[in-house]
Amino acid sequence: MTEEKVRKGEELLKRLSYLEDQKQRWERGEKFLHPEVCTIGNYGKVQSSMSIDDSFINFDEIKLLAIARINKRISEVQKEFDEL
């Protein structure tokens, strides 16, 4: 294995670790706390933020979507790692 592949493998392992951590956080989560939305100005910079009423947000639906996306990314990164 070349040095480049080793570096790439280390990077992918870090990404997997991050994704697994995020997945565990979502799995343990039960509700949102202090949700905010923001406006974006020039160059993607946050212009202003505003707190919102979380009663309009279905936490369980968002949680399922987030975990599904994380699982998809884990699969993609794992596949990339396996192909090294």
Side-chain angles (χ1 to χ4, degrees):
M1 184 176 275
T2 66
E3 215 174 294
E4 182 180 325
K5 283 186 179 182
V6 170
R7 270 188 249 136
K8 182 68 173 178
E10 289 173 347
E11 175 190 320
L12 293 171
L13 287 173
K14 285 179 187 175
R15 285 173 55 194
L16 281 171
S17 177
Y18 171 79
L19 290 167
E20 289 292 344
D21 178 61
Q22 288 297 305
K23 182 179 174 181
Q24 287 177 351
R25 291 174 187 222
W26 273 100
E27 288 172 341
R28 292 180 58 213
E30 297 176 14
K31 66 178 251 173
F32 291 114
L33 180 65
H34 308 300
E36 292 185 338
V37 295
C38 66
T39 59
I40 304 295
N42 294 335
Y43 308 107
K45 189 173 182 177
V46 173
Q47 200 166 31
S48 66
S49 65
M50 303 155 276
S51 60
I52 58 170
D53 179 354
D54 65 352
S55 69
F56 299 108
I57 304 169
N58 185 323
F59 178 80
D60 292 326
E61 287 179 4
I62 301 300
K63 181 177 179 175
L64 287 173
L65 288 170
I67 292 172
R69 282 189 173 180
I70 293 168
N71 283 333
K72 182 180 177 195
R73 289 184 187 174
I74 288 171
S75 293
E76 292 168 352
V77 174
Q78 184 65 54
K79 181 180 177 187
E80 191 177 346
F81 181 80
D82 292 343
E83 291 174 353
L84 282 180

Side chain S17, main chain L13, donor-acceptor under 3.5 Å:
no

Show the nearest heavy-atom pair for residues G29 and F59, with the distance to one decimal.
O-CE2, 3.5 Å

Looking at E10 and K14, is any side-chain nitrogen of the basic one under 4.0 Å from a carboxylate oxygen of the acidic one?
no

Could you tell me the separation between the CG atom of L84 and the CD atom of E4, rounded to the nearest 0.5 Å?
10.0 Å

Counting only heavy atoms not in F32, do more than 12 fall under 6.0 Å of its CZ?
yes

Check: N58 side chain, E61 main-chain N or O, donor-acceptor pair, under 3.5 Å
yes

Can you give each donor-acceptor pair under 3.5 Å made by side-chain atoms of residues 40-47, sequence neighbours left out, with the distance rounded to 0.1 Å?
none

When you measure from the side chain of T39 to the backbone N and O of S48, does any donor-acceptor pair fall under 3.5 Å?
yes

State whether the number of non-hydrogen atoms from other residues, nucleotides or ligands found under 6.0 Å of E30 atom CD is greater than 12.
no

Spacing of L19 atom CG and R73 atom CZ [to the nearest 0.5 Å]
7.5 Å

Interatomic distance, CG@D21 vs CD1@I70, rounded to 0.5 Å, equals 9.5 Å

Verify side chain to side chain contact (heavy atoms under 4.5 Å, CB included) between E80 and R15, making sure each step is shown before the conclusion.
CA-CA 11 Å; E80 191 177 346; R15 285 173 55 194; 4.3 Å; yes

K63 side-chain N/O to E27 backbone N/O, donor-acceptor pair under 3.5 Å:
yes

Rounded to the nearest 0.5 Å, what separates atom CD in E36 from atom OG in S49?
4.5 Å

Would you compute the distance between atom CD1 of I62 and atom CD1 of I67 and round it to the nearest 0.5 angstrom?
12.0 Å

Approximate separation, where rounding is to 0.5 Å, of Q22 CD and I74 CD1:
10.0 Å

Any side-chain heavy atom of R69 within less than 4.5 Å of one from K23?
no

